[in-house]
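Structure, as structure tokens:
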There are 2 protein chains.
Amino acid sequence: MARTGTEELRRRNRAALVEQLHRHGPQTRAELTEALGLNRSTIGALAADLAEAGYVQETTGRSTGSAGRPSTLAECVPKAATVTAVEIRVDRVRFALVGLGGEVLERAETALDGADPVDAIEVVTGGTARDALEAVAAVPGLVDAGEVAHSTELGWAGRDLAGDLASATGREWQVVDTATAAAVGEWSRGDAHEATKLLYLHGGRGLTAGLVVDGLAPRGGSIQLGHIVVQPGGRECACGLRGCLEAEMEVFGYAEDIEYATLAAGMGDAAARDGLRRSGEDLGRALGAVVTATGPDEILFGGWLRELYLSAAAPVRSALAETTLPHLRSRLRLRTPVLGDEGALIGAAETGFATVVDRMR
Amino acid sequence: MARTGTEELRRRNRAALVEQLHRHGPQTRAELTEALGLNRSTIGALAADLAEAGYVQETTGRSTGSAGRPSTLAECVPKAATVTAVEIRVDRVRFALVGLGGEVLERAETALDGADPVDAIEVVTGGTARDALEAVAAVPGLVDAGEVAHSTELGWAGRDLAGDLASATGREWQVVDTATAAAVGEWSRGDAHEATKLLYLHGGRGLTAGLVVDGLAPRGGSIQLGHIVVQPGGRECACGLRGCLEAEMEVFGYAEDIEYATLAAGMGDAAARDGLRRSGEDLGRALGAVVTATGPDEILFGGWLRELYLSAAAPVRSALAETTLPHLRSRLRLRTPVLGDEGALIGAAETGFATVVDRMR
DNA sequence: ATCATATGTTGCAGTCAACAACAAATCTCG
DNA sequence: CGAGATTTGTTGTTGACTGCAACATATGAT
């Protein structure tokens, strides 16, 4: 199982070095020595090895400003390993080709106009997907082993997306959910690196949430935030249940709606203001259950939930306060994401790089 | 960080061998070779190494029944590494000294009669705790870094139990929550080894739940099942919130109550039957939120929830069906634990062994 | 009784990381 | 301006571990 050997050891160390450079950017050999806990000579050998393989570039003779021999700086070669990331929404598909180190090499986007997203993949990726080491698609919904078990936004249930993408593009795809991808993105390339348990809430046409623990997504898929029942026996939801958060928050279906509502509320529309408050309370209640069950220390409000949170933070907080124990609340930070709309795409790419690095081991 | 070296490699392999024997019992060298993916000679060297260190005993010449040279069987030496496990309840403290391989070497129990559990520790463990490699205490409640943040059953909030135990016994203690410990126990020594996401529900004077993913407890502590709000604005709970599951299920406070109720219901008491049904429904609703948030594939009803589930499975299932998506439900098995009352104690010991093995690496 | 089979043992070779001594390149202080 | 201090890269050596292959051992099957 562990398949541990002396060759395996070198591979692991090489992978660790690549991961270190990918995650923390260009570093001197001395810094790498410190970070990996290996000997200077070992780092030198590994770096030379990786430089020959083309993964790493070493720029020599940087003046450090302090005493001592100047370090040679090691950095990733972006084109040495690329990952195709795709984010699927109901109305459009976005694509990014990301290089080792995190640099975005290409980017594209297509509106769908009702077409099936899978049919748009080849166009939007422009064929570059084939050369990438990994291809990852983020979809808003409940993903289980490449299959989209449920997606309010896309109206899918039990669709084998990984299979469909494979037959459409001729290569393997990894499927993740948008919220978890965004959580990974915010953790790795955003502002939430200190969070040990990060909960990302994604508001699209449906509501999902993704959890990341120590930067890793626990297997088992995302949290269907929209289908937390906040009103037993309440309004009928498209999923067949009653009183789901999505159904109860009927005021807001999509990003445009929330903008109108905040605008109207800002201009003194009492009904809009009331709607915002009620929606915030519903969200806070659903969140209470999720927080009690998962115990995060940071929550990010993404998608249109960002706007809702910014204009209805008080009701969200008070409803949350009514439904979670003080201790769980005390260590909890509520914020909005810094990567904006890019989080899921970046996170999908990072998910791909995680498996790329894993495969090097 | 990774501190990888050639010496580290041997340690890792040695730890892997011990872990393998601890978890899967006595095995032939050939089986170990297969399981660890190492060479026969390597296994031989490791086994000899560990035998000399006293961790492993090799009994030679077992007749296998099939052709070929008979294998030498390697097995753990229980006394080579022991773990002290303690389960704290409001009315009693239970203790087990568990040896490597999982054998229970000693066992004791004391009623508390209102005394502080910490004061009873030295008596119940009989001083053997000091010689154990690890000491683990399981408590029903929300545990965070050795501190009991909240416990309905014990009436504690923010108690530094790890510290109190340390000053009472003169050694370090690990503190885990009962439900998570029981989940670990059922996964490792019980019947739930196939579950990838195992949710254990523990009914004591409070209700907690513990999650185990691939046999490991994700950091961050247990799930306060009893403080999932099932009735917004409902009955006041001791925790200060309103409508908590614990408060709404006021019919049952402890094991004796559920026995009376099931007895009465069996004899035709309509009120008791109704109470059971309502409690089952409340539990199912709270469970719905937890399942939506965590997505387990197996749920075990432990403590007095076992009795509730056995006599009110239908309302639990129907309430669960009303509050979780079909896909999450479809892969879900509901069962009762096989280790009975021992689960938490055994799981606490296994938690200890996990760190013992980790420290060998 | 002999062969096939399965397993443990031994010696050897390959590889890798730590260590130490040395070289290189910069800064600082007199 | 120069010598020493400082930091870092390089090289050769050493110790250790694992894989491999050949051999030894013990049993069942024919």
Does B/Arg29 put a side-chain nitrogen or oxygen below 4.0 Å from OP1 or OP2 of C/dA6?
no
Are any of A/Ser41's side-chain N or O atoms less than 4.0 Å away from OP1 or OP2 of D/dT10?
no
salt_bridge(A/Arg189, A/Glu342) N-O dist < 4.0 Å:
no
Just to verify, what does [X] make a side chain to side chain contact (heavy atoms under 4.5 Å, CB included) with, not counting sequence neighbours?
{"X": "A/Asp131", "result": "none"}
{"X": "B/Leu216", "result": "none"}
{"X": "B/Ala162", "result": "B/Asp160, B/Val175"}

Give the rounded distance in Å between these two atoms: [atom1] of [X] and [atom2] of [N].
{"X": "A/Arg12", "N": "C/dA17", "atom1": "CZ", "atom2": "P", "answer": "11 Å"}
{"X": "B/Leu46", "N": "D/dA16", "atom1": "CG", "atom2": "P", "answer": "15 Å"}
{"X": "A/Leu17", "N": "C/dA17", "atom1": "CG", "atom2": "C1'", "answer": "14 Å"}
{"X": "A/Leu73", "N": "D/dT8", "atom1": "CG", "atom2": "P", "answer": "13 Å"}
{"X": "B/Leu38", "N": "D/dC20", "atom1": "CG", "atom2": "C1'", "answer": "14 Å"}
{"X": "B/Glu8", "N": "D/dG15", "atom1": "CD", "atom2": "C1'", "answer": "16 Å"}
{"X": "B/Arg14", "N": "D/dC17", "atom1": "CZ", "atom2": "P", "answer": "8 Å"}
{"X": "B/Leu32", "N": "C/dT7", "atom1": "CG", "atom2": "C1'", "answer": "13 Å"}

Tell me which nucleotide among C/dC19, C/dT7, D/dG9 gets nearest to the side chain of A/Arg40.
D/dG9
Taking the side chain of A/Ala30 as its heavy atoms from C-beta onward, which of C/dT7, D/dT8, D/dG19 lies nearest to it?
D/dT8
Suppose we screen for ring pair (Phe, Tyr, Trp, His ring centres under 6.0 Å). Which residues come up paired with B/His24, at least two apart in sequence or across chains?
none
Contacts of type ring pair (Phe, Tyr, Trp, His ring centres under 6.0 Å), residue B/Phe95, not counting sequence neighbours
none
I'd like a list of close polar pairs between nucleotides 12-16 of chain C and the protein, N/O only, cut-off under 3.5 Å.
| from | atom 1 | to | atom 2 | distance (Å) |
| --- | --- | --- | --- | --- |
| C/dC16 | OP1 | A/Arg10 | NE | 2.9 |
| C/dC16 | OP1 | A/Arg10 | NH1 | 2.2 |
| C/dC16 | OP1 | A/Arg10 | NH2 | 2.9 |
| C/dC16 | OP2 | A/Arg10 | NH1 | 3.0 |

Do A/Val86 and A/Thr125 come close enough that some side-chain heavy atom pair is under 4.5 Å?
yes
